[in-house]
Amino acid sequence: LDFLISIRYDGANTRGSVPGKEHFMPCSISNRTPKQDGFFMPAEFSPIRQVWILWPERPDNWRDGAKPAQAAYAQVAAAVARFAEVTVGVSCEQYENCRAKLPPCVRVVEISSNDAWVRDCGPTFLKNTAGETRAVDWEFNAWGGLYDGAYFPWDKDAAVARKICEIERVDRYRPKGFVLEGGSFHVDGEGTVLTTEMCLLSPGRNPHMNKAEIEHMLCEYLGAEKVLWLKDGIDPDETNGHVDDVACFVRPGEVACIWTDDEAHPFYRVAHESYEALCAMTDAKGRRLKVHKVCLPKVPVCIGKGFAIDAAEGSFPRQEGEVCPASYLNFLIVNNGVIVPQFGDENDAAALAQLSAIFPDKEVVGVDTLEVVYGGGNVHCITQQQPR
Ligand code: KQY
């Protein structure tokens, strides 16, 4: 079927020039790569048309029937909606509740999912220089599949990217068999990809491929030239070390990186190793990276006593005292705004001040996302931007 669709896709290049055939025909492209077709992933600091979010509900990941998480997601949606259009995908069962909890300016559409991490299961949107949009629909396996994934099954999540592309009438590239999540890489939109070895070389993703082969896939499907590898992330269990908790591009040639001077902090080693590695790196254009430090919460966020999630076979249990991947770096840049996690920590204000200095022309907005980090991620993980 894909072969036939690929053939039809070649015909679809002339779409619009055939009388009566101007309407959209959704295409899955498997015989070409974005790079071959002149498409690339724009940086997050490029203009954004819309941001996607999925509604949390599974009680074996979110405490208290996901009600506190829903309140936090609604706050994030409202904050993002100040800077771009927002669409929230929700199950049929939760539609009324979700609609009622979100501001009217947020569009709510029915999209079923296994959980609520659209950064990872949603499409990666691409542009070309003519301003056309396409997307990549990666293979999703819940952060490690049967090897060390977070839950089973993940079939609904795996269909999310395709559904979003259909809603948006966007053709999608389908690198069959290549497992990747959006939170595991950042791009500068000028040829550079940033990622971690801990995640992309993990046995639950693409064990049949070596580092060079994975680099090649990243460059072909993100339209890039150079991959910068950090070693580890801060959540080896949850996502196998997604880079979006550790470092990100803030403008061409400049990155932000987590930082702490507290040797006892659980993320001290990763922060220092990442900072030193980034300082020594050059991007695809040959620029030596300028690295900004962004503090971590002073007190590591941990799962507290009496934390109640439902038990379920095949799901990730949460133990009292477990360290959560709380990082202010897991923010979303959205046009003139930056939406930043807040944890009720002494360093919340310092993080906002540091990010305001890094983004002097943007409004830095803090949102209490403690309930989101209890589920394993944060603002960046629960959002997916679609370029303008
Ligand atoms: O942080 C993310 N990108 C996803 C976290 C998944 C957690 C599943 N419990």
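Here the structure is a predicted model, which is why all the values come from computation and not from measurement. Counting starts at 1 for both ligands and their atoms, following the listed order.
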Trainee: Could you say whether the N/O atoms of Asp120 and ligand 1 ever approach to under 3.5 Å?
Mentor: yes
Trainee: Decide if the gap between the ring center of Tyr374 and the ring center of Phe307 is smaller than 6.0 angstrom.
Mentor: yes
Trainee: Please determine if Glu238 has a nitrogen or oxygen closer than 3.5 Å to a nitrogen or oxygen of ligand 1.
Mentor: yes
Trainee: With Glu168 as reference, evaluate Arg134, Arg107, Lys163 under the salt bridge (Lys or Arg N to Asp or Glu O under 4.0 Å) test and give the passing residue.
Mentor: Arg107
Trainee: Going by the order shown, which atoms of ligand 1 are within less than 4.0 Å of some heavy atom of Gly377?
Mentor: 1 (O)
Trainee: How are the rings of His380 and His186 set to each other: parallel, tilted or perpendicular (split at 30° and 60°)?
Mentor: tilted
Trainee: Assess whether ring-ring contact (aromatic ring centres under 6.0 Å, His included) is satisfied between His272 and Trp259, documenting all intermediate values.
Mentor: CA-CA 7 Å; His272 283 249; Trp259 186 258; 3.9 Å; yes
Trainee: Which ligand 1 atoms does Arg318 reach within 4.0 Å, using its non-hydrogen atoms?
Mentor: 9 (N)
Trainee: So is there a nitrogen or oxygen of Cys381 less than 3.5 Å from a nitrogen or oxygen in ligand 1?
Mentor: no
Trainee: What about Asn61: any of its N or O atoms under 3.5 Å from an N or O on ligand 1?
Mentor: yes
Trainee: Is the backbone N or O of Ala224 less than 3.5 Å from a side-chain atom of Lys35, with the two atoms forming a donor-acceptor pair by type?
Mentor: yes
Trainee: Side chain, backbone, both or neither: which applies to His380 and ligand 1 if a contact is any heavy-atom pair less than 4.0 Å apart?
Mentor: neither
Trainee: Polar contacts were defined as any N/O atom of the residue lying under 3.5 Å from an N/O atom of the ligand; does this apply to Ala150 and ligand 1?
Mentor: no
Trainee: Any atom of ligand 1 sitting under 4.0 Å from a heavy atom of Gly376?
Mentor: yes
Trainee: Quick one: which ligand 1 atoms are inside 4.0 Å of a heavy atom on Gly375?
Mentor: 7 (C), 8 (C), 9 (N)
Trainee: Record the part of Trp143 in heavy-atom contact with ligand 1 below 4.0 Å; permitted values are side chain, backbone, both and neither.
Mentor: side chain
Trainee: Atom CG of Leu278 and atom CD of Glu254: how far apart are they, to the nearest 0.5 Å?
Mentor: 12.5 Å
Trainee: Using 30° and 60° as the class limits, which term best fits the ring planes of Phe152 and Trp154: parallel, tilted or perpendicular?
Mentor: perpendicular
Trainee: Please determine whether a side-chain nitrogen of the Lys or Arg among Asp137 and Arg162 lies less than 4.0 Å from a carboxylate oxygen of the Asp or Glu.
Mentor: no
Trainee: With heavy atoms only and a cut-off of under 4.0 Å, state how His242 meets ligand 1: side chain, backbone, both or neither.
Mentor: side chain
